[in-house]
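Computed from a predicted structure; not experimentally measured. Numbering starts at 1 and runs along the sequence shown.
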Amino acid sequence: ETSMLTIDSGKNVLCEKPLTMSLQQTTDLLAKAKAKKVFFMEGFWTRFFPGLKRVKEIVDSGELGKINFLRVNFCVPGAEVPRLNEKALGGGGLMDLGCYPVQYANFFFREKPESISATGHLNEEGVDVNGTLVLKYKSGGTAILFYSCNTKDGDNNLTLFGTKGNLQIEAPFHTPVKITLPSKKTEEFALPE
């Protein structure tokens, strides 16, 4: 609603996730932004980290070969966080946490998945608290993504498996400040103070 009002006033919008709660709302929002000729983007800030830029350079160089497999785990304690648990607030692990692994998988495979399998658990309000997704891509790649907002902690890293080598974005992968290269050497990227 706030994004729609801002677009109506002719202002550019950087929207916090989740963008909307339904496909129809998203379609309407994008159509409005296009009609008003304003910039509109969901704020996936993780794509702008120097560490992710470096990983993309490595992938693009062919150093890893063809990426066949991606694995991400994202687990945080969130049992007491209302936005994760309450349906009225748009709660749910997938909308708040699971979206990071999904956007990384699509970023690295550079295509939409041709099939998606999912399983998980719901709380008493019917909101997902954890899930496992398997995304299969036409190019032959597979992503296995796990998220949970009802665990103490997880390893919270991402691993790319290629035909020539593997690369890991160390925890926390969604704030990529350390990567482990196929040579097992690490590179670190300081955040601004």
List the atom of L14, the atom of G43, and the distance in Å for their closest heavy-atom pair. CD1-CA, 3.6 Å
Which of these passes side-chain hydrogen bond (donor to acceptor under 3.5 Å, both in side chains) with N73: T132, T159, D155? D155
Backbone N/O of K66 and side chain of T163: donor-acceptor pair under 3.5 Å: yes
Pairs in or reaching into residues 125-137: which pass salt bridge (Lys or Arg N to Asp or Glu O under 4.0 Å), with residues at least two apart or in two chains? none
Residue list, side-chain contact (heavy atoms from CB on, under 4.5 Å) with L191, at least two apart or on another chain: F49, T175, V177
Single-linkage hydrophobic cluster, 4.5 Å side-chain cutoff, V55 and F107 together: yes
So side-chain hydrogen bond (donor to acceptor under 3.5 Å, both in side chains) across residues 48-64, not counting sequence neighbours, yields R54-E187, K56-D60, D60-R110
Within a strict 4.5 Å, meaning less than it, do heavy atoms of the C99 and F44 side chains meet? yes
I want to check something: taking the side chain as every heavy atom from C-beta on, are N150 and N130 in contact at a cut-off of under 4.5 Å? yes
Which atom pair, heavy atoms only, marks the closest approach of C75 to T151? CB-OG1, 3.1 Å
Taking the side chain as every heavy atom from C-beta outward, state whether N68 and T142 have any pair of such atoms under 4.5 Å apart. no
Of all residues at least two apart in sequence or in a different chain, which pass the ring-ring contact (aromatic ring centres under 6.0 Å, His included) check with F146? none
Any chance you could lay out the side chain to side chain contact (heavy atoms under 4.5 Å, CB included) test for T180 and L167, step after step, and finish with the verdict? CA-CA 6 Å; T180 300; L167 181 145; over 6 Å; no
For V127 and L122: C-alpha separation, side-chain torsions, deciding distance, then whether side chain to side chain contact (heavy atoms under 4.5 Å, CB included) applies. CA-CA 5 Å; V127 174; L122 304 177; over 6 Å; no
Any non-hydrogen side-chain atom of L19 less than 4.5 Å from a side-chain atom of T26? yes
For V13, give me all partners under side-chain contact (heavy atoms from CB on, under 4.5 Å), at least two apart in sequence or on another chain. S3, T6, I7, C15, F40
Measuring only between side-chain heavy atoms, which start at C-beta, is L64 closer than 4.5 Å to K164? no
Calculate, to the nearest 0.5 Å, the distance between atoms CE and CG belonging to M4 and L29 respectively. 5.0 Å
If Ile, Leu, Val, Met, Phe, Trp and Tyr residues are connected whenever their side-chain heavy atoms lie under 4.5 Å apart, and connections chain through other members, are L84 and V129 in the same group? no
For a quick test of reading the model, state the closest non-hydrogen atom pair linking D8 to K32 and the distance between them. OD1-NZ, 3.1 Å
Tell me every residue that passes side-chain contact (heavy atoms from CB on, under 4.5 Å) with F48, counting only those two or more places apart in sequence or in another chain. M41
Would you give the length of the straight line joining atom CZ of R83 to atom CG of N85, rounded to the nearest 0.5 angstrom? 10.0 Å
Donor-acceptor contact below 3.5 Å, side chain N157 vs main chain P172: no
Residue list, ring-ring contact (aromatic ring centres under 6.0 Å, His included) with F69, at least two apart or on another chain: F161
Is there side-chain contact between N166 and P182, with heavy atoms separated by less than 4.5 Å? no
Under the ring-ring contact (aromatic ring centres under 6.0 Å, His included) test, residues paired with F173 that sit two or more places apart: F74, Y104
With sequence neighbours excluded, give me every side-chain hydrogen bond (donor to acceptor under 3.5 Å, both in side chains) pair touching residues 35-50. W45-Y100, T46-Q103, R47-Q103
May I ask you to decide if S22's main-chain N or O and Q25's side chain share a donor-acceptor pair within less than 3.5 Å? yes
Output, in order, the C-alpha distance, side-chain angles, deciding distance and verdict of side chain to side chain contact (heavy atoms under 4.5 Å, CB included) for L133 and L94. CA-CA 10 Å; L133 309 170; L94 182 60; 3.9 Å; yes
Enumerate the salt bridge (Lys or Arg N to Asp or Glu O under 4.0 Å) contacts for residues 167-186, please, sequence neighbours excluded, ordered by first and then second residue. none
Hits for side-chain contact (heavy atoms from CB on, under 4.5 Å) against E80, two or more places apart or cross-chain, chain-then-number order -> none
Can you hop from L97 to I116 via hydrophobic side chains spaced under 4.5 Å? yes
Quick one: salt bridge (Lys or Arg N to Asp or Glu O under 4.0 Å) pairs with a partner in residues 13-28, sequence neighbours left out? K17-D96
Taking the side chain as everything from C-beta on, heavy atoms only, tell me whether Y147 gets closer than 4.5 Å to V72. no
Only one of L70, I144, L145 clears side-chain contact (heavy atoms from CB on, under 4.5 Å) with L135; which? L145
Between M95 and M21, is the side chain to side chain contact (heavy atoms under 4.5 Å, CB included) condition met? List the steps. CA-CA 9 Å; M95 295 289 262; M21 298 307 294; 3.7 Å; yes
Should F109 and I58 be counted in the same cluster of Ile, Leu, Val, Met, Phe, Trp and Tyr side chains packed under 4.5 Å apart? yes
Tightest non-hydrogen contact, residues A105 and Y137, listed as CB-OH, 3.4 Å
